[in-house]
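In each ligand, atom 1 is the first atom listed, and ligand 1 is the first ligand listed.
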Amino acid sequence: MAIKVCKFGGTSMADGNVIKNVKKIIESDAERRFIVVSAPGKRYSGDTKVTDLLYACHEKLIKEGDCKKAFEPVRTRFCNIVKELNLNFDIASVLDETEERINTEKSEDFTASRGEYLSARIVAEVLGAKFIDAEDVIFFDSDGAFDGKSSYKAISAALSGVERAVFPGFYGKGANGKVKTFSRGGSDISGAVVARAVNASLYENWTDVSGFMACDPRIVDSPKWIKTISYRELRELSYMGANVLHADSIFPVRTANIPIRIKNTFRPEDEGTLICPVSRYTPMGTTVTGIAGKKNFTVIYIEKSLMNSEVGFISKVLDVVADEMIPIEHIPSGIDTMSLVIASDELEGGKLERVLERIKVAVAPDTMRVIENIALIATVGHGMSSSVGTSAKLFNAIASAEINVKMIDQGSSEINIIVGVKNDDYEKCIKAIYNGFFK
Ligand code: ASP
């Protein structure tokens, strides 16, 4: 029988009643055998996620040597969940042990990981399933990178002969033997890792929305739902800020061609979005699949006559930036010009001035200019490489809205065109592109 791995996010764990629905969802399909859960998220707007409460505990512990008081809201959250579920489970003892270990470990990652740990213990009880601790099966190497080889082996070994199991998301064990977390939202990655380890037929990612929309609904009213999207398109869009799914979570499943389906715990009947390899992709019939963007970039524009014939010019510039440990987003270039597009927060604390000075010394440019407050907007879709007139349509839409384009970069894959506009034009530009392609 095929196996589905299901990851349930924070809002699906928010209280006992939602967890009852989660149980129904899991039990309605015998293929849903391996479950990964997040820590309880917000129950209402203005509520605090358990993970954030735990980060606050760690801060208190380090500053004041004690986190008893800060741990109280975490305790209450989990006690209430167990009560709402009418569960015969001694959560008080598990919470006592947890608090004790938080005090002895004194590690931010360990403390932050306890939301997932406690959620998974509870969900395993609810389902009568086996609890498998992520610290025993998900590993990181000495550089802190996820270690697929040993993790996949350990997960399959732990699951041998197991009908149904629950894993806490978000963390594993580092090379030093201590608990280590992925970055925020990392339970999505844990789900993908388990899916890969068991060679699942599908990785279902259950959240509180019915999939991806073609652009941010806070900018465009009720944009189209994306029914199918390729891994590559999703990577481009999530990198640029579409944040339904952690941007790194496609790596483990992509190499094994395991599709991901985004599903809504609160509307399980909705189809959701299927993320799959290009070979299984059924285009939506539109040229563009989605539009996403981010604000606050800085462009360093460099001009020098005969730049193109000066061997090593670009690499000298890049060496300066690399030496300052600054990541670059894009490097649009012309014959005698090049620009570096960098997230503005990477240039804070005097770094911008230092970089400019060092570039001057390294390559003696004729002109150098800094353009700040730039937003980048990516228009993404496989249809874009095969249809004629896509860029004309894109720039017409932007021009009709009277927006000045500061930078253009077409990815080498031809599935995206990125434009840079003023931060102030960001929302207007997304609206214009959306209307140009979808209306
Ligand atoms: N609970 C963690 C966070 O809030 C991880 C996750 O939810 O995926 O970031």
### Side chains of Asn80 and Asp15, donor plus acceptor under 3.5 Å
no

Discussion item. Would Lys180 and Phe140 count as a cation-pi pair here, with the cationic atom under 6.0 angstrom from the ring centre and within 45° of the axis?
Written reply: yes

May I ask whether Gly10 places a heavy atom under 4.0 Å from ligand 1? no

closest protein heavy atom to atom 6 (C) of ligand 1 is Ser187 OG, 3.3 Å

Within 4.0 Å of some non-hydrogen atom of Lys49, the atoms of ligand 1 are 4 (O)

Under 4.0 Å from one or more heavy atoms of Gly185, ligand 1 contributes atoms 3 (C), 5 (C), 6 (C), 8 (O), 9 (O)

- Give a yes or no on whether the ring-centroid distance for Phe110 and Tyr171 is below 6.0 angstrom. no

The atoms of ligand 1 lying under 4.0 Å from a heavy atom of Ser38, numbered in the order shown, are 6 (C), 7 (O), 8 (O)

Judged by heavy atoms only, the candidate from Met13, His246, Glu116, Arg184 nearest atom 5 (C) of ligand 1 is Glu116

### Task
Answer yes or no on whether Arg101 is positioned over the face of Tyr117, meaning its NZ or CZ is under 6.0 Å from the six-membered ring centre and within 45° of the axis.
no

Only one of Phe167, Phe266, Trp206 passes ring-ring contact (aromatic ring centres under 6.0 Å, His included) with Phe8, and that residue is Trp206

